[in-house]
Amino acid sequence: TQSTRPQRLLHAVQKNATRGDPRSVVKAIDNFCRQKEWAMNVGDEKGCILDSVVSEVNPVTVLELGTYCGYSTVRIASLLPPHAKLITLEFNPDYAKIARQVIAWAGLEDKIQLVEGPSGEWIPKMKEQFGVKTFDLVFLDHWKDRYLPDTKLLEDCGLLRKGSILLADNVICPGTPDYLEYVRNSPRYKSQYFKSHLEYTKVEDGLEKSVFLG
Ligand SMILES: Nc1ncc2ncn(CCCCCNC(=O)c3cc(-c4ccc(F)cc4)cc(O)c3O)c2n1
Ligand SMILES: [Mg+2]
């Protein structure tokens, strides 16, 4: 039977990356996507912007919406302090299965909790299920038409505090116009656009960093 692209990406990690070395896992995925097959990871160019935001925020609790194969999950978790935790939500069970193995290869299972299911269902359960008070950083990289409703849900569930950072991928391509309009015009956010390119291409894309003002 034919393998899937996520399965081929996982094999590239197992073949080319060193177990327990998250940065080698990130590099192996980027090489696979540049040389073999494009895949919707945040990629290395936007990934460096992601790294700088994570290092600046130094978050203790992180939420990632949309795991896919775990590239940004591993990239973020590799920069977290020892006691910090990252919860990542993935809707697609096939992607989740691959992501668990990529995360294990990187040796980051202790920092990462992968939860399977739709963000709209899980966000309201975060406090009771995972003992989360508020998130220091949220990385949005799931369905582009869910960025806005899920941001409002995070606000309504009291999961954001003064100073919480939202970092959104793909605000230009594929684009999240309603989300951008909201975070750029709401008095409750201070927003900043980091211009970049769609992963592994020359097409414009970028990340939007928004600070929740409370
Ligand atoms: N509600 C909920 N809860 C939890 C969930 N977990 C997963 N999902 C569903 C998310 C499915 C994947 C989302 N990501 C993208 O669609 C994406 C696409 C492109 C792209 C593609 C083709 C082009 F030609 C150009 C650009 C590039 C990117 O960087 C992207 O991130 C969930 N949904
Ligand atoms: Mg993306």
Side-chain angles (χ1 to χ4, degrees), residues 5-90 92 95-116 126 130 132 134-142 163-170 194 196-200 205-209:
R5 179 168 310 182
Q7 280 168 335
R8 294 192 291 272
L9 182 150
L10 171 64
H11 292 149
V13 166
Q14 293 168 332
K15 181 161 171 279
N16 302 307
T18 308
R19 284 184 78 92
D21 176 355
R23 303 314 286 186
S24 77
V25 168
V26 167
K27 201 153 277 321
I29 295 173
D30 281 329
N31 289 340
F32 174 77
C33 293
R34 254 197 304 274
Q35 294 156 14
K36 299 280 189 335
E37 304 183 58
W38 187 91
M40 59 183 171
N41 315 118
V42 74
D44 198 42
E45 191 181 317
K46 289 185 288 180
C48 287
I49 300 166
L50 172 63
D51 290 352
S52 61
V53 171
V54 174
S55 304
E56 175 203 334
V57 176
N58 224 354
V60 172
T61 52
V62 182
L63 173 65
E64 174 182 61
L65 301 174
T67 317
Y68 187 43
C69 296
Y71 173 92
S72 48
T73 323
V74 164
R75 191 153 188 150
I76 295 167
S78 71
L79 300 173
L80 296 181
H83 50 290
K85 288 274 176 236
L86 188 161
I87 296 174
T88 183
L89 280 187
E90 180 49 56
N92 180 317
Y95 294 168
K97 235 173 86 195
I98 298 293
R100 290 188 198 287
Q101 297 172 80
V102 168
I103 290 162
W105 197 268
L108 289 168
E109 309 94 312
D110 297 352
K111 285 187 182 311
I112 296 164
Q113 169 131 34
L114 195 161
V115 179
E116 287 185 43
M126 284 290 153
F130 305 108
V132 168
T134 56
F135 288 109
D136 302 319
L137 173 68
V138 181
F139 181 54
L140 299 96
D141 195 19
H142 60 331
S164 289
I165 303 288
L166 303 184
L167 189 64
D169 189 24
N170 311 118
F194 291 83
S196 183
H197 295 94
L198 177 68
E199 50 267 26
Y200 319 114
D205 189 20
L207 300 176
E208 187 82 1
K209 177 190 169 194

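Note: hydrogens, waters and symmetry copies are ignored here, and every other heavy atom, side chains too, is used.
From Tyr200, atom OH reaches atom CG of Asp44 across 7.5 Å, with rounding to the nearest 0.5 Å. Annotation: the span from Ile87 atom CD1 to Glu64 atom CD amounts to 11.5 Å, rounded to 0.5 Å. Atom CZ of Phe139 sits about 11.5 Å away from atom CG of Leu63, to the nearest 0.5 Å. Residue Met40 holds its CE atom at 11.0 Å from SG of Cys33, rounded to the nearest 0.5 Å. Summarising the geometry, atom CD1 belonging to Ile103 is positioned 12.0 Å from atom CG belonging to Asp110; distances are rounded to the nearest 0.5 Å. If you take CG on Leu86 and CG on Leu79, they are separated by 11.0 Å, rounding to the nearest 0.5 Å.
When all heavy atoms are compared, the tightest approach of Thr134 to Thr61 is O-OG1, 2.9 Å. Closest non-hydrogen pair, Leu108 versus Ala77, comes out as CD1-CB, 3.9 Å. Of all heavy-atom pairs between Glu199 and Asn170, the closest is OE1-ND2, 4.2 Å. Summarising the geometry of Phe135 relative to Ser164, their closest heavy-atom pair is O-OG, 2.7 Å, with the distance given to 0.1 Å. The shortest heavy-atom contact between Pro6 and Ile98 is O-CG2, 3.5 Å. For Ala99 against Leu114, the heavy-atom pair with the smallest separation is CB-CD1, 3.7 Å.
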- Please assess Leu80 against Val62 for the test side-chain contact (heavy atoms from CB on, under 4.5 Å), listing each intermediate value before the final yes or no. CA-CA 9 Å; Leu80 296 181; Val62 182; 4.0 Å; yes
- Task: Evaluate the salt bridge (Lys or Arg N to Asp or Glu O under 4.0 Å) criterion for residues Asp136 and Lys85: first the C-alpha distance (whole Å), next the side-chain angles of each, then the deciding distance (0.1 Å), finally the verdict.
- Result: CA-CA 11 Å; Asp136 302 319; Lys85 288 274 176 236; over 6 Å; no
- Task: Please step through side-chain contact (heavy atoms from CB on, under 4.5 Å) for the pair His142 and Leu89, ending with a clear verdict.
- Result: CA-CA 9 Å; His142 60 331; Leu89 280 187; over 6 Å; no
- Could you walk me through whether Glu37 and Arg8 pass the side-chain contact (heavy atoms from CB on, under 4.5 Å) test, one step at a time? CA-CA 9 Å; Glu37 304 183 58; Arg8 294 192 291 272; 2.5 Å; yes
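A donor-acceptor pair under 3.5 Å links the side-chain atoms of Tyr71 to the main chain of Gly43, judged by distance alone. Side chain of Ser52 to main chain of Ile49: a donor-acceptor pair is present (N/O by atom type, distance under 3.5 Å, no hydrogens or angles). No donor-acceptor pair under 3.5 Å is formed between the side chain of Thr67 and the backbone N or O of Ala96. Remark: the backbone N or O of Ala39 is not paired with any side-chain donor or acceptor of Arg5 at under 3.5 angstrom. Put simply, the side chain of Lys111 gets close to the backbone of Pro82: a donor and an acceptor are under 3.5 Å apart.
Under the rule for a side chain to side chain donor-acceptor pair (under 3.5 Å), Tyr68 has no partner lying at least two apart in sequence or in another chain. The side chain to side chain donor-acceptor pair (under 3.5 Å) test applied to Glu90 returns no partner, not counting sequence neighbours.
The shortest side-chain heavy-atom distance between Phe32 and Asn16 does not fall under the 4.5 Å cut-off. Contact of the Leu9 side chain with the Asn41 side chain is registered, since non-hydrogen atoms from C-beta on lie closer than 4.5 Å. The side-chain heavy atoms of Asn58 and Pro81, taken from C-beta on, include a pair separated by under 4.5 Å.
For NZ of Lys97, the number of neighbouring non-hydrogen atoms (other residues, nucleotides, ligands) closer than 6.0 Å is 12 at most.
Note on residues 17-29: pairs passing side chain to side chain donor-acceptor pair (under 3.5 Å), not counting sequence neighbours, are Arg23-Asp51, Arg23-Ser78.
Taking the charged nitrogens against the carboxylate oxygens, Glu116 and Arg100 do have a contact shorter than 4.0 Å, which makes a salt bridge.
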